[in-house]
Protein chains: 2
Amino acid sequence: MTNNVVDLESARSVCQQCGIFKLCFPMGLNMGELDKLDSIIKRRQPLEKGQYLYQAGDPFKSIFALRSGSLKTYLMSQDGSEHVIGIKMPGDLLGLSAISSGHFINSAKALETSSVCEIPYERLEELACLIPGLQHHLSSMMSREIQEEQEKVAICGKMPAEARLASVLVTLSERFASRGFSANDFNLSMSRSDIANMLGLAVETVSRLFSHFQEEGLIKVERKHVQILDKEKLTALIKMN
Amino acid sequence: MTNNVVDLESARSVCQQCGIFKLCFPMGLNMGELDKLDSIIKRRQPLEKGQYLYQAGDPFKSIFALRSGSLKTYLMSQDGSEHVIGIKMPGDLLGLSAISSGHFINSAKALETSSVCEIPYERLEELACLIPGLQHHLSSMMSREIQEEQEKVAICGKMPAEARLASVLVTLSERFASRGFSANDFNLSMSRSDIANMLGLAVETVSRLFSHFQEEGLIKVERKHVQILDKEKLTALIKMN
DNA sequence: CGGTCAGTTGATTCTTCTCAACGGAAGTGG
DNA sequence: CCACTTCCGTTGAGAAGAATCAACTGACCG
């Protein structure tokens with residue numbers, strides 16, 4: 001690393017250097033505003049696979065922006081069983097559902113080594129009063145999360161197993177693409193049982209569907225590595241019951 | 001209506017007179033702030049049963065607060081089939097999922113005569129910059145909606161039919177209670193097919209479950225009128241698959 | 001090199017859907 | 001006010017989809 005690079009780094013905010021700059025918070029802010037935001041964000045030690053970012057019941061102080069890696073979020077029911085809600089990818093925000101109650105409702109666990117920015121929520125609200133664009137962006141991110149969760153309700157409630165898995169694969173593909181990764185060749189960070197759990201299916205059903213999809217020539221799958229061969233047909237499978 | 005009443009009305013903001021004052025927006029605001037908020041809220045003509053508050057694709061200008069009555073919100077899929085997302089009751093906000101995209105994603109239809117307050121969103125954001133409590137309240141409402149949708153994903157994805165209906169009945173009971181209505185004796189505003197659709201079940205399944213619950217002495221049901229006889233047992237049915 | 005865990009596959013069972021028929025409520029038009 | 005239609009809700013019988021149970025294979029880990 002040369003001095004040039006170091007100079008450049010000190011001149012630009014850390015957010016500006018971040019690979020997911022466009023996906024994350026600072027959209028549409030000017031330099032001064034970006035610096036203010038940058039100053040309240042805490043960069044954390046990367047999480048190792050299996051570590052928690054937060055657990056249900058923890059007091060809510062901050063929301064988090066995922067910089068790299070991936071996490072699963074899940075609810076815990078009385079009997080101690082996990083219910084996977086979703087998979088978070090770089091650029092996603094975590095913890096938004098905790099604002100209203102003041103403690104985390106779900107738990108977030110790293111599926112692989114992941115780095116996360118911590119954004120103290122009180123300071124973010126203070127800042128949002130000063131920077132109108134920031135307030136709107138925060139509301140917008142929350143709005144989008146509501147929208148996504150509503151779509152999940154429709155998927156999980158009304159689609160047959162085949163359509164649910166097709167939907168996950170297509171959605172993942174699009175999410176990878178929007179982050180600059182390959183849309184048709186990627187690695188699942190979650191296990192079959194996480195996928196099954198998230199979709200409300202048995203592991204065996206998911207496993208069979210992967211096999212079927214492969215036999216039909218829609219995908220090529222080997223353990224966690226998935227290639228999408230026929231996105232058209234895969235998308236066509238996403239139908240309601 | 002006497003002059004006294006008119007005087008009272010002009011002295012107090014309309015929000016303060018509203019029956020759902022505590023549930024709705026103005027929580028924790030002082031008089032001056034309340035007046036400001038009050039001044040941007042538009043009271044609309046009541047919606048008749050079957051009328052739309054908004055439809056998917058409509059441009060987003062305002063969010064709405066339901067004052068009385070009830071609405072269903074639903075997504076429309078390509079093939080034109082409805083997918084009921086939820087039932088809104090007095091004090092609920094509608095339209096929050098439209099903020100990010102600028103147009104409504106779902107449609108909202110009145111299940112009975114309903115009155116709604118319209119809150120122009122741009123003006124609300126302006127106001128939120130001036131009234132910190134308001135911004136927090138808005139974020140908090142959105143956060144709670146995310147939380148509720150996440151719980152629905154768990155319900156629809158992983159619960160057997162029996163548990164899904166039990167969950168709806170218990171949740172409705174609690175929502176009625178929190179609005180000052182009877183928790184154990186209420187009228188469903190939605191049809192069996194709306195309930196079935198919302199739960200991802202066939203109408204016949206829902207109908208059979210109502211009958212079973214009644215045979216078991218858990219509820220008494222006659223068309224839309226439901227009485228909860230044994231909330232304990234009903235709650236105990238809410239189990240994952 | 002066992003041992004454990006993740007994933008796959010097969011056989012069977014159970015839940016829920018679909019198809020079908022029917023009763024009753026509400027609404028319409030004469 | 002009554003006959004008619006239509007829609008909503010209920011119930012039964014059979015079919016289909018997915019879960020469960022069980023056995024097996026191959027990774028990964030110490």
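Not measured: the values here are computed from a predicted model.
In this structure, CG of A:Asp194 is placed 16 Å from P of C:dC5, rounded to the nearest angstrom. Rounded to an integer number of Å, the gap from B:Leu237 CG to C:dT15 P is 14 Å. Counting to the nearest Å, the P atom of C:dT15 and the CG atom of B:Leu165 are 17 Å from each other. Between A:Lys49 atom NZ and C:dC5 atom P there is a gap of 14 Å when expressed in whole angstrom units. For B:Gln214 and D:dT11, the CD to C1' distance is 14 Å, given to the nearest whole Å. For A:His225 and D:dG26, the NE2 to C1' distance is 19 Å, given to the nearest whole Å. If you take NZ of A:Lys224 and P of C:dC5, they are 15 Å apart, rounded to a whole angstrom. Separating the CG atom of B:Asn197 from the C1' atom of D:dG9 is a distance of 16 Å, rounded to the nearest angstrom.
Using a 4.0 Å cut-off, some side-chain N or O of A:Arg192 falls inside it from OP1 or OP2 of C:dT8. Phosphate proximity of C:dT9 to A:Ser211: present, with a side-chain N or O under 4.0 Å from OP1 or OP2.
Within residues 71-88 of chain B, no residue has any heavy atom closer than 4.0 Å to DNA chain C.
In this structure, B:Ser191 reaches the sugar-phosphate backbone alone: every heavy-atom distance under 4.0 Å involves primed, P, OP1 or OP2 atoms, never a base.
A:Lys88 pairs in a salt bridge (charged side-chain N to carboxylate O under 4.0 Å, His left out) with only one of the listed residues (A:Glu112, A:Glu148, A:Glu145), which is A:Glu145.
Under a 3.5 Å cut-off, the side chain of A:Arg179 and the backbone N or O of A:Pro90 do form a donor-acceptor pair. Between the side chain of B:Arg44 and the backbone N or O of B:Ser115, no donor-acceptor pair lies under 3.5 Å. Remark: the backbone N or O of A:Arg223 is paired with a side-chain donor or acceptor of A:Arg192 at under 3.5 angstrom.
Counting heavy atoms from C-beta on, the side chains of A:Tyr54 and A:Asn106 come closer than 4.5 Å.
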Pairs: protein N or O with nucleotides 15-24 of chain D N or O, under 3.5 Å:
| from | atom 1 | to | atom 2 | distance (Å) |
| --- | --- | --- | --- | --- |
| D:dA18 | OP1 | A:Ala161 | N | 2.4 |
| D:dA19 | OP1 | A:Ala202 | N | 3.0 |
| D:dA19 | OP2 | A:Ala202 | N | 3.1 |
| D:dA19 | OP2 | A:Thr205 | OG1 | 2.2 |
| D:dT20 | O4 | A:Arg208 | NH2 | 3.0 |
| D:dC21 | N4 | A:Glu204 | OE2 | 3.0 |

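Within a 6.0 Å radius of CZ in B:Arg175, more than 12 heavy atoms belonging to other residues, nucleotides or ligands are found. In the displayed structure, B:Lys224 atom NZ is contacted under 6.0 Å by more than 12 heavy atoms of other residues, nucleotides or ligands.
Within the structure, salt bridge (charged side-chain N to carboxylate O under 4.0 Å, His left out) contacts touching residues 66-77 of chain A (residues at least two apart or in different chains) are A:Lys72-A:Glu82, A:Lys72-A:Asp194.
With values rounded to the nearest 0.5 angstrom, B:Leu172 atom CG is found 11.5 Å from B:Asn187 atom CG.
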